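Quick caveat, the model's predicted, so the values are computed rather than measured. Below, chain A is the first sequence line, B the second, and so on; all start at residue 1.
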Number of protein chains: 2
Amino acid sequence: MEQSTMTTVLRRERAEAAGKAIPDSDTLRGLGETFKVLGDVTRLKICFALARHELCVGDIAGVVGISESAVSHQLRTMKTMRLVKYRREGKMTYYMLDDVHIDDLIRIGIRHVSER
Amino acid sequence: MEQSTMTTVLRRERAEAAGKAIPDSDTLRGLGETFKVLGDVTRLKICFALARHELCVGDIAGVVGISESAVSHQLRTMKTMRLVKYRREGKMTYYMLDDVHIDDLIRIGIRHVSER
DNA sequence: TCAACACCTGAACAGGTCTTCAGATGAAGT
DNA sequence: ACTTCATCTGAAGACCTGTTCAGGTGTTGA
């Protein structure tokens with residue numbers, strides 16, 4: 001039973017270390033929400049559409065292929081999670097990606113998906 | 001109206017380019033599902049727990065603080081999306097992160113969240 | 001073979017998500 | 001002031017997700 005006991009001790013140590021590796025709940029929640037926002041095909045399309053140039057709501061709707069209302073709803077959540085930012089010019093509102101991280105996340109995500 | 005027409009043409013060109021920047025639907029679906037799997041606090045905790053060492057289901061349940069059944073269900077979806085892989089040893093099953101990308105994604109995600 | 005253990009699975013329920021619809025807001029031009 | 005245009009918003013409904021519960025598989029050691 002010596003080996004089994006030893007293994008148990010090792011496991012307990014690893015489990016303890018693993019527990020400490022988990023961040024605080026605020027970070028976890030923010031991280032989860034960020035990925036959740038990226039975890040939707042419509043919003044991903046919007047991200048790709050905005051990758052090169054800023055676009056207004058109507059154009060996004062046309063490119064992505066859904067109603068302007070749906071786009072507006074999605075942009076609001078993307079704005080809240082700081083995936084996109086916007087710029088107003090008269091009655092138009094131009095949206096663009098918020099920062100580089102979004103681009104990085106998507107690029108790495110693609111690398112993961114395209115492997116194998 | 002000259003300027004307005006010009007702007008419209010510019011916008012149409014940008015919109016057209018934006019449409020081409022959107023990947024095929026298989027890539028989009030895979031990408032979306034990958035992010036969706038990461039978009040859950042429980043699964044993120046599991047990722048952090050597995051970041052250093054492989055762990056068995058019971059230990060993960062203890063560290064994360066949910067039932068073994070819930071862990072098992074989550075691990076299955078994480079396995080399907082290649083977030084984790086496993087190794088059997090007798091009646092134990094040890095789980096670990098599948099590849100480096102997962103670690104990268106989480107690290108960049110944290111950087112995004114912790115900014116501002 | 002039997003019991004104990006580690007893990008897996010299907011069904012079901014609560015809670016959340018995404019789109020649509022109808023209408024509201026606000027800016028620009030007449 | 002009125003109309004048009006671009007965008008936003010709340011409510012509602014269909015759909016999806018994550019956990020629990022109860023029971024299943026398969027391995028180990030007596």
- Query: A/E68 CD to C/dA22 C1': how many Å, rounded?
  - Reply: 15 Å
- So, is B/Q74 close to the D/dT19 phosphate, meaning a side-chain N or O under 4.0 Å from OP1 or OP2? yes
- Message: If the cut-off is 4.0 Å, is A/S67 near the phosphate of C/dT20, judged by side-chain N/O to OP1 or OP2?
- Response: yes
- Query: B/R43 near the nucleic acid: base, sugar-phosphate alone, or nothing, with a heavy-atom cut-off under 4.0 Å?
  - Reply: sugar-phosphate
- salt_bridge(A/E16, A/R14) N-O dist < 4.0 Å: no
- Item | OP1 or OP2 of C/dC8 under 4.0 Å from side-chain N/O of B/Y86 | no
- Do the side chains of A/I60 and A/L75 get nearer than 4.5 Å, heavy atoms only? yes
- Query: When you measure from the side chain of B/K79, which nucleotide among C/dC8, C/dC18, D/dC8 comes out closest?
  - Reply: C/dC8
- Query: Rounded to the nearest Å, what distance is computed from the NZ atom of residue B/K45 to the C1' atom of nucleotide D/dG18?
  - Reply: 13 Å
- Query: Nearest to the side chain of A/S69, which nucleotide is it out of D/dT9, D/dG18, C/dC7?
  - Reply: D/dT9
- Query: Is NZ or CZ of A/K85 both nearer than 6.0 Å to the six-membered ring centre of A/Y95 and within 45° of the ring axis?
  - Reply: no
- Message: Determine whether a donor-acceptor pair (one donor, one acceptor, N or O, separation below 3.5 Å) exists between the side chain of B/H73 and the base of D/dT20.
- Response: yes
- Query: Please give, in whole Å, the distance from D/dG18 C1' to B/L44 CG?
  - Reply: 14 Å
- Task: Please check if the side chain of B/S72 supplies one atom and the backbone of B/E68 the other of a donor-acceptor pair under 3.5 Å.
- Result: no
- Roughly how many Å is it from CD in A/E89 to P in D/dT7, rounded to a whole number? 12 Å
- Length of the CG-P vector between A/L75 and C/dC18, whole Å: 13 Å
- Query: Quick one: which of C/dG10, C/dC7, D/dA6 gets closest to the side chain of B/C56?
  - Reply: C/dC7
- Task: Give a yes/no on whether any side-chain N or O of A/T93 is located under 4.0 angstrom from OP1 or OP2 of D/dT7.
- Result: no
- Message: Tell me the interatomic distance from A/R88, atom CZ, to D/dC5, atom C1', rounded to whole angstroms.
- Response: 12 Å
- Task: Figure out the NZ/P separation between A/K91 and D/dA6, and round it to whole Å.
- Result: 6 Å
- Atom-pair distance (CG on A/D40; P on C/dG16), nearest Å: 18 Å
- Query: How is A/R76 classified with respect to the nucleic acid when contacts are heavy atoms under 4.0 Å: base, sugar-phosphate, or nothing?
  - Reply: sugar-phosphate
- Query: Under 4.0 Å: is that the gap between some side-chain N or O of A/T42 and OP1 or OP2 of C/dT19?
  - Reply: yes
- Task: Give me the one residue out of B/M96, B/M78, B/E54 that meets side-chain contact (heavy atoms from CB on, under 4.5 Å) with B/V84.
- Result: B/M78
- Note on the structure: When A/A70 and A/M92 are each assigned the nearest nucleotide of DNA chain D, the 5'-most assignment goes to A/M92
